[in-house]
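The figures that follow rest on heavy atoms only: side chains count, while hydrogens, waters and symmetry mates do not. Since we're looking at a predicted model, the values are computed, not measured. Order of the sequence lines fixes the chain letters, A, B, ..., with proteins taken first and strands second; residue numbering starts at 1 for each chain.
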Amino acid sequence: MNKQIVVTILKILGETYPEARCALKFGSPYELLVATMLSAQCTDVRVNKVTNELYREFNTPEKMVSLTEEELGKKIKSCGFFRNKSKHILETSRAIIEEHGGKVPDTMEELIKLPGVGRKTADVVLSNAFGIPAIAVDTHVFRVSNRLGIARGNTPHKVEMELMKNIPKNMWSDSHHYLIWHGRKICKSRKPDCGHCPVAPYCEYLNCPEKNEK
DNA sequence: AACTCGGGGCA
DNA sequence: TGCCCAGAGTT
């Protein structure tokens, strides 16, 4: 797709979802890292509810590791996968203390070594906490990009490469959030609400049936 | 590439 | 009740 059209689409989405910058509330890179780890298969609304309470007392790796896995598990259980998540959060907090001087690392290479931190979480932390341009391709970004036709690919990595090629670098981080918001509100996986889609005129899913998602 | 982990919100 | 949700680790 024409790069000009891609930028147009993203600008429209940005105007449609002005609140979409970063839905996870955080006051430090560490808070964002933990919030993002919690957000796996769990909506941002619930994550924010949990972290609002959790961060009152436990908003640094040093304070976090004073909790046992069971104690932390109780506090985060409404985010699901609580055994894995509490274990990973504690292991990651210990690694940050012991191997990174208590600071969240700011490179992809170091971030994905942390237990429970994958490429998506790392991208979110890099772009939102450290201002390093990145596009995390989660299920929403993957689906919406393929449908619209702004980036096609059968793997998240392929879609990421296409997006980075088609979007100006200074729009990468915001675009990630716009695409997620659009995927949740309108371009849903099951029943996309094309009748209310602000970028329907540009959408290949609607206008080019032969290019329909695979 | 497929499978597993998981409670809560909503139809 | 059944389906779905800002993913990552293991096999």
Inset, instruction - Nearest-nucleotide wise, let me know which of A/Ile112 and A/Leu24 is further upstream toward the 5' end of DNA chain C. - result: A/Leu24
Inset, instruction - Scan A/Val117 against the nucleic acid and name what it touches under 4.0 Å (heavy atoms): base, sugar-phosphate only, or nothing. - result: sugar-phosphate
Inset, instruction - Rounded to the nearest angstrom, tell me the gap between atom NZ in A/Lys85 and atom P in B/dT4. - result: 18 Å
Inset, instruction - Go through DNA chain C in 5' to 3' direction and return only the first and the last nucleotide with some atom under 4.0 Å of chain A's heavy atoms. - result: C/dC4 to C/dG9
Inset, instruction - Could you check if a side-chain atom of A/Ser86 sits within less than 4.5 angstrom of a side-chain atom of A/Ile76, using non-hydrogen atoms only? - result: yes
Legend entry - A/Ile76 CD1 to B/dC5 C1', straight-line distance once rounded to whole Å: 13 Å
Legend entry - Length of the CG-P vector between A/Asp44 and B/dG9, whole Å: 14 Å
Legend entry - Euclidean distance for C1', B/dC5 against C/dC4 (whole angstrom): 15 Å
Legend entry - A/Tyr30 OH to A/Glu62 CD distance, which is reported to the nearest 0.5 Å: 8.5 Å
Inset, instruction - Give A/Thr36 one of three labels, base, sugar-phosphate or nothing, depending on what nucleic acid heavy atoms sit under 4.0 Å from its own. - result: nothing
Inset, instruction - Write down the distance between NZ (A/Lys188) and P (B/dC10), rounded to a whole number of angstrom. - result: 14 Å
Inset, instruction - Go through the steps for A/His196 and A/Asp193 under the test side-chain hydrogen bond (donor to acceptor under 3.5 Å, both in side chains), then give the verdict. - result: CA-CA 6 Å; A/His196 294 97; A/Asp193 190 4; 3.1 Å; yes
Inset, instruction - Please measure how far the C1' atom in B/dC10 lies from the corresponding atom in C/dG7, and state the result in whole Å. - result: 22 Å
Inset, instruction - Specify the residue among A/Lys49 and A/Gln41 whose closest nucleotide of DNA chain B lies further upstream toward the 5′ end. - result: A/Gln41
Inset, instruction - Please step through side-chain hydrogen bond (donor to acceptor under 3.5 Å, both in side chains) for the pair A/Asn128 and A/His176, ending with a clear verdict. - result: CA-CA 11 Å; A/Asn128 291 288; A/His176 160 78; 5.5 Å; no
Inset, instruction - Could you check whether A/His177 gets within reach of a base, just the sugar-phosphate, or nothing at all, counting any heavy atom under 4.0 Å? - result: base
Inset, instruction - With heavy atoms under 4.0 Å as the rule, sort A/Arg190 into base, sugar-phosphate or nothing. - result: sugar-phosphate
Legend entry - Inter-nucleotide P distance (C/dA8, B/dG8), Å rounded: 22 Å
Legend entry - Distance, P atom - from C/dA6 to B/dC3, rounded to whole angstrom: 23 Å
